[in-house]
Amino acid sequence: MLSIRNLSATIDGKTILNGLSLELPAGEVHAIMGPNGAGKSTLSYVLTGRDGYEVTGGSVTLNGEDLLALKPSERAARGVFLSFQYPTEIPGVPALTFLRTALNAQHRARGEPEIAAPAFLKLVREQAAALKIDFEMLRRALNVGFSGGEKKRMEILQMAVLSPKLAILDETDSGLDIDALRIVAEGVNAMRSPARSTLVITHYQRLLDYIVPDRVHVLVGGRIVASGGPELAHELEREGYDKYAAVAA
Amino acid sequence: MSLAQGLLAEDLAELPSRRAEDWRWTDLRGLIRQPLPVSRQLGETVQSGGPFAALGADEFVIANGRLNWWPADDLSGGLKFFQHQAPDASRLAERLPMARLAASHAGGPAANILEFGAGTPVALVRFVSRAETTAHHARLGVVVKSGARATLLESYEGAGGDYVSNVLLEIFLEAGARLERIVLLDDVASGVSVSTAEVFLAPEAAYAQTVLAGGAKRQRIETRLAHPGGGASVRLDGVYLLNEQRQADITTVVTHEGVDGATDQLTKGVVTDQARGVFQGRIVVQPGADRTDARMGHHALILSDRAEVDAKPELEIFADDVACAHGNTVGALDEEALFYAEQRGIPEADARAMLTEAFVGEVVDRIAHEGAREVVRAWVAGRLGGQG
């Protein structure tokens with residue numbers, strides 16, 4: 001599914017990713033943990049094609065296709081979805097309108113028929129109910145005036161509607177209270193499927209009690225310095241990242 | 001009635017120049033260096049149409065400065081149209097040089113008056129320019145009677161080129177009258193188009209205006225409003241969408257003269273290529289106009305390095321217990337919002353169009369007349385689509 005080989009990237013000439021390699025097979029959930037400044041968010045932005053991040057080496061393929069050659073919207077149409085750490089406000093565009101525009105843009109890019117309004121509304125209503133999102137909120141401008149928890153639930157709603165092949169969750173737990181965390185995690189777990197791969201980027205192990213990963217990778221100094229099973233997350237929670245700092249240096 | 005005049009040699013020195021503070025960004029004297037003959041009188045009747053045609057309102061056409069068509073015997077209920085001795089225009093000379101020219105050159109001592117009576121009358125007034133290197137002036141009086149809830153749809157439709165179109169409207173709202181005025185300007189790129197409205201409100205009247213400017217070589221839409229306070233309310237909105245080398249100048253002056261007046265202003269602009277947008281908004285609160293509540297917002301998006309926006313919001317307050325606020329922002333499209341939309345699968349060009357349309361949409365949403373609002377929404381979408 002996702003194959004990252006020896007990836008290096010810079011921002012303003014400063015190296016952030018430094019030879020990162022990672023294999024994420026179809027149907028699996030992998031967690032990436034690391035201290036602040038390790039390059040976690042940079043990885044999510046490089047994978048999705050944000051401006052300002054220069055890839056200086058290595059490759060990223062999704063099902064064999066060179067992801068780095070594609071524009072952000074083309075990557076989205078291939079099934080790449082990022083749940084943002086800080087979801088952006090979109091003034092003047094109701095959440096429903098935004099989501100339908102996005103879904104139909106993806107359908108068009110893939111040569112699929114556009115989804116009709118009634119089918120779309122039915123789909124959104126079901127997913128919103130599962131995530132305990134008040135449907136009326138979807139008539140408001142996306143993320144404008146939403147609380148931190150509402151924004152994160154809205155990210156998962158978009159993920160559910162867009163049904164990506166590769167979901168990247170960037171610090172989805174930050175700013176969530178325990179109830180919201182559980183709802184969001186249930187939403188993510190409900191989407192686990194053999195056809196979907198998920199990359200959970202997090203600073204703390206807490207989220208991984210709810211979304212149990214198949215593999216955990218430790219990202220320090222711009223590359224993966226250790227990998228293991230779910231128990232690795234607990235070890236990191238107990239012992240911190242210090243012992244890996246020496247490895248990365 | 002062939003008293004209509006173009007621009008005479010002696011007029012050239014009267015044209016406002018950049019030395020006049022209110023005209024510093026729309027210098028007509030530097031631009032127009034030669035006298036211009038008066039635009040020809042059209043031999044034909046202008047076909048029914050214009051941007052608001054689908055709304056089916058009674059249509060009044062003023063073409064090249066002359067009354068071209070009106071529904072003489074077939075006016076809808078609540079509307080009257082007649083000629084009347086024009087108000088003395090000497091008051092205009094100092095402050096409004098172009099309005100004075102319109103008053104003196106539009107031809108004849110009688111002015112056309114459009115009157116809105118009881119009910120919810122709607123009228124469509126089309127100022128049509130079909131001219132090449134000529135000038136024309138027009139003057140129209142608008143009276144809104146007590147109890148009327150009127151809508152004035154006003155379009156400027158240009159064809160040809162290098163013309164000067166100069167229009168003066170004098171708008172009177174009686175006590176308790178309500179008028180929504182929606183002005184859509186589609187001039188040609190080489191045209192010069194000036195439209196000045198003087199608005200007089202009686203207490204308890206409500207005046208709402210939305211100006212939509214597509215720009216021209218110079219396009220100036222000025223509104224001067226005397227606010228009596230006393231429960232009268234005013235909304236003055238604007239949108240300018242400019243590309244290529246077009247310029248538009250939305251200027252408003254609101255003078256609060258009595259207690260308890262409210263004014264709400266919101267203007268948004270989008271400029272690209274080498275276009276230039278101008279917003280000048282002045283709110284004056286005169287001594288004694290206590291408890292005035294006035295707010296003014298102007299926000300512009302600049303989508304290219306060579307486009308420009310000049311903004312001058314001014315509040316002059318000489319009264320007590322006044323709530324006045326203004327906000328003014330000029331910047332680029334939010335790159336974070338753009339990336340967010342692209343990440344969701346919306347191609348960059350579509351994402352830009354969606355975000356810009358939403359930016360302008362806040363003004364469009366404030367239009368009360370539903371049909372006009374949808375016409376305007378489509379006009380905005382068409383313009384922004386064309387700006388790619």
Side-chain angles (χ1 to χ4, degrees), chain A residues 44-45 47-53 70-95 97-110 112 114 141-144 151 154-155 157-159 161-168 170, chain B residues 210 212 237-239 241 266-270 297-301 303 305 327 329-367 373-374 376-381 383-385 388:
Chain A
S44 67
Y45 288 143
L47 292 178
T48 49
R50 185 171 191 152
D51 268 353
Y53 295 83
L70 301 176
K71 294 175 187 164
S73 63
E74 293 168 338
R75 298 184 198 195
R78 301 298 197 284
V80 178
F81 179 92
L82 171 61
S83 170
F84 285 70
Q85 183 179 2
Y86 302 108
T88 313
E89 296 188 354
I90 311 288
V93 183
T97 307
F98 180 88
L99 192 46
R100 188 162 173 228
T101 305
L103 183 60
N104 280 331
Q106 291 199 14
H107 278 218
R108 270 199 305 280
R110 295 195 290 259
E112 299 165 6
E114 293 194 4
L142 180 60
N143 292 331
V144 177
K151 286 180 182 173
M154 198 59 79
E155 293 292 286
L157 173 66
Q158 294 179 55
M159 176 174 148
V161 171
L162 296 172
S163 190
K165 288 196 172 72
L166 170 65
I168 305 162
D170 187 4
Chain B
T210 307
L212 302 126
D237 290 351
V239 169
L241 305 177
L266 181 63
T267 296
K268 291 203 173 188
V270 181
H298 167 255
H299 306 284
L301 285 180
L303 302 185
D305 293 343
T329 60
V330 178
L333 205 56
D334 179 357
E335 291 294 325
E336 287 197 25
L338 191 60
F339 175 68
Y340 187 90
E342 289 182 71
Q343 205 300 304
R344 294 299 184 253
I346 304 172
E348 183 184 344
D350 295 353
R352 282 184 188 280
M354 178 183 77
L355 294 174
T356 348
E357 228 176 288
F359 171 77
V360 173
E362 191 189 349
V363 181
V364 178
D365 288 342
R366 286 156 62 107
I367 296 174
R373 189 168 65 236
E374 294 317 309
V376 166
R377 207 184 296 286
W379 182 83
V380 166
R383 283 254 157 195
L384 293 177

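In what follows, chains are A, B, ... by sequence order, proteins preceding strands, each numbered from 1. Heavy-atom basis, side chains included; hydrogens, waters and symmetry copies ignored.
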Heavy-atom pairs under 4.5 Å with chain B: which of P72(A), G49(A), G92(A), A109(A) has the most?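 The answer is P72(A).
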Out of L162(A), V80(A), D51(A), return the one with the most heavy atom pairs under 4.5 angstrom to chain B.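 Looking at each of L162(A), V80(A), D51(A) in turn, V80(A) comes out on top.
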Hey, what do you get for CG (L99(A)) to CG (N104(A)), rounding to the nearest 0.5 Å? 10.0 Å
Report the distance from atom CZ of R78(A) to atom CG of L166(A), rounding to the nearest 0.5 Å.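 Interatomic distance, R78(A) CZ to L166(A) CG, rounded to 0.5 Å: 13.5 Å.
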Counting heavy-atom pairs under 4.5 angstrom with chain A, the leader among G345(B), A358(B), A337(B) is G345(B)
Taking E335(B), E342(B), E362(B) one by one, which has the highest count of heavy-atom pairs under 4.5 Å against chain A? E342(B)
Where does [X] contact chain A at under 4.5 Å (heavy atoms): side chain, backbone, both or neither?
X: D334(B); result: side chain
X: E336(B); result: both
X: L355(B); result: side chain
X: A341(B); result: both

Taking 4.5 Å as the heavy-atom cut-off, does anything in residues 83-90 of chain A contact chain B, and if so which residues?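 Within residues 83-90 of chain A, the residues under 4.5 Å from chain B are F84(A), P87(A), T88(A), E89(A), I90(A).
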Main chain of [Y], side chain of [X]: is a donor-acceptor contact present, judged purely on distance under 3.5 Å?
X: R377(B); Y: V364(B); result: no
X: Q343(B); Y: L82(A); result: yes
X: R344(B); Y: F339(B); result: no

Would you kindly say whether T267(B) and H298(B) are connected by a side-chain donor-acceptor distance under 3.5 Å? no
Would you call [X] and [Y] a side-chain contact if the rule is heavy atoms closer than 4.5 Å?
X: T48(A); Y: R75(A); result: no
X: E348(B); Y: S73(A); result: no
X: N143(A); Y: M154(A); result: yes

Please identify each residue that fulfils salt bridge (charged side-chain N to carboxylate O under 4.0 Å, His left out) with E114(A), with sequence neighbours left out.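 Once residues adjacent in sequence are excluded, the partners of E114(A) under the salt bridge (charged side-chain N to carboxylate O under 4.0 Å, His left out) criterion are R108(A).
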